[in-house]
Participant: 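Questions regarding the structure given below will be posed in turn.
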Protein chains: 2
Amino acid sequence: MRAEKRRQLERAGWAIGDAGDFLELSAEERRFVDVKLALADGLRRRRERLGLTQSAMADRLGSSQSRVAKMEAAHRSVSTDLLLKSLFRLGASPADVARLLTTKARTYAA
Amino acid sequence: MRAEKRRQLERAGWAIGDAGDFLELSAEERRFVDVKLALADGLRRRRERLGLTQSAMADRLGSSQSRVAKMEAAHRSVSTDLLLKSLFRLGASPADVARLLTTKARTYAA
DNA sequence: TGTGCGTATGTCAGATCAGACATAGAATGG
DNA sequence: CCATTCTATGTCTGATCTGACATACGCACA
């Protein structure tokens, strides 16, 4: 469970030390990452629900396929600004976003 | 009501055209601004609840007074990343953030 | 009036993020 | 096996954000 989540974080480019357990992340960093993962996940589900490929979605967002892939991976090079703007462009409301935060966040809480 | 909200946005540096009514903002832009205003407001209330000045809070956040002022004004030079990280550093949880979004967002909805 | 304290605004150099492109990997169908 | 299609990763250049500093504003209260 923890190992799997750690893998997910590392794939997202968080470069958590090999020796250093990812619990080195401070509470606020963990929460921030939680939020990003929740938004990223919501974005992917929304795209799939719309039956779009990453490229199609990139067009719709005025972005590129590679950036969409990174958004969905919650890569550290994507900001929450980008995630939020993308969600909103796909029709999400602030309430939808709030729901993502409450239902998805803290999945890998220590 | 609308005029007041517009003033708030302009103070925040959104430079909405004089002629162009702020309704020119697209739906997703409005939602994004809503979210920023909600987070900014939550941050200010949290600071006041803690009885901190902007300078004291800046120290705690590792930032500067001017930046805190801009955060609270939801100035366009501050990202939601910064707002979220700041809220979390002050002890907020993702659920708290979600609450901010549902109770505060869409205040000036058309 | 002027002094002090808190807040707001303008600007800048360095840091981070954006979209784009190339390319690699994974999965499916022939 | 090879194509095709979709997704993932690395890297570049220009754009945006960050903390800091200076300075202005607002409001008390002597």
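Numbered from 1 within each chain, the chains take letters A, B, ... in sequence-line order. All values below come from the heavy atoms of this structure, side chains included, with hydrogens, waters and symmetry mates left out.
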Participant: Between C/dG25 atom C1' and A/K70 atom NZ, what is the distance in whole Å?
Facilitator: 15 Å
Participant: Side chain of B/S79, heavy atoms from C-beta onward: which of D/dA8, D/dC17, D/dA20 has the nearest atom to it?
Facilitator: D/dC17
Participant: From the options D/dC6, D/dG19, C/dT7, select the nucleotide whose nearest atom is closest to the side chain of B/T53.
Facilitator: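 The listed nucleotide nearest to B/T53's side chain is C/dT7.
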Participant: Determine whether B/L50 and B/R60 make a side-chain contact, defined as any pair of heavy atoms from C-beta on separated by less than 4.5 Å.
Facilitator: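 Side-chain contact under 4.5 Å: yes.
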Participant: Does some side-chain heavy atom of A/L43 sit less than 4.5 Å from a side-chain heavy atom of A/V68?
Facilitator: no
Participant: Measure CZ/B/R67 against P/C/dA8 and give the value in whole Å, please.
Facilitator: 14 Å
Participant: Please state how far atom CZ in A/R76 lies from atom P in D/dT9, giving the value in whole angstrom units.
Facilitator: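 That distance rounds to 12 Å.
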Participant: What is the distance, to the nearest angstrom, from the NZ atom on B/K85 to the C1' atom on C/dC17?
Facilitator: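 Interatomic distance, NZ of B/K85 to C1' of C/dC17: 11 Å.
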Participant: Take the protein atom CE of B/M71 and the nucleotide atom P of D/dC17, then report the distance between them rounded to whole Å.
Facilitator: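 The answer, rounded to whole Å, is 14 Å.
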Participant: Between D/dA8, C/dG10, C/dA8, which nucleotide has the shortest distance from any of its atoms to the side chain of A/A69?
Facilitator: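 The answer is D/dA8, which lies nearest to the side chain.
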Participant: Taking atom types as they are modelled, is there a donor-acceptor pair under 3.5 Å from the base of D/dC6 to the side chain of A/S55?
Facilitator: no
Participant: Under 4.0 Å, heavy atoms only, any strand: does B/V78 hit a base, just the sugar-phosphate, or nothing?
Facilitator: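 Here B/V78 touches the backbone only, sparing every base.
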Participant: Rounded to whole angstrom units, what separation is found between the NE2 atom of B/H75 and the C1' atom of C/dT7?
Facilitator: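 Taking atom C1' of C/dT7 as the reference, NE2 of B/H75 is at 14 Å.
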Participant: Under 3.5 Å, is there any donor-acceptor pair linking the side chain of B/Q54 to the base of C/dA8?
Facilitator: no
Participant: Determine the contact category for B/S64: base if any of its heavy atoms lies under 4.0 Å from a base atom, sugar-phosphate if only primed atoms, P, OP1 or OP2 are that close, otherwise nothing.
Facilitator: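 Base, at least one base atom sits under 4.0 Å.
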Participant: Checking contacts here: which listed nucleotide (C/dT7, D/dG19, D/dA8) is nearest the side-chain heavy atoms of B/S63?
Facilitator: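 Closest nucleotide among those given: D/dG19.
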Participant: Let me know the distance between CG of A/L84 and C1' of C/dA18, rounded to the nearest Å.
Facilitator: 16 Å
Participant: Map B/L52 and B/D81 onto DNA chain C by nearest heavy atom, then report which one ends up closer to the 5' terminus.
Facilitator: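 On the 5' side of the pair lies B/L52.
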Participant: Could you walk me through whether B/S77 and B/R67 satisfy the side-chain hydrogen bond (donor to acceptor under 3.5 Å, both in side chains) test, starting with their C-alpha distance in whole Å, then the side-chain angles of each, then the deciding distance to 0.1 Å, before giving a yes or no?
Facilitator: CA-CA 9 Å; B/S77 80; B/R67 199 119 280 272; 3.2 Å; yes
Participant: Over how many whole Å does the gap from A/R44 atom CZ to D/dT7 atom P extend?
Facilitator: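 A/R44 atom CZ is separated from D/dT7 atom P by 8 Å.
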Participant: Indicate whether any N or O donor in one side chain lies under 3.5 Å from an N or O acceptor in the other, for B/T53 and B/R47.
Facilitator: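 Looking only at side-chain atoms, B/R47 and B/T53 do not form any donor-acceptor pair under 3.5 Å.
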Participant: Check this for me, if you would: do A/R45 and A/D41 make a salt bridge, where the nitrogen-to-carboxylate-oxygen distance has to be below 4.0 angstrom?
Facilitator: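 Here A/R45 pairs with A/D41 in a salt bridge, since their nearest N and O are under 4.0 Å apart.
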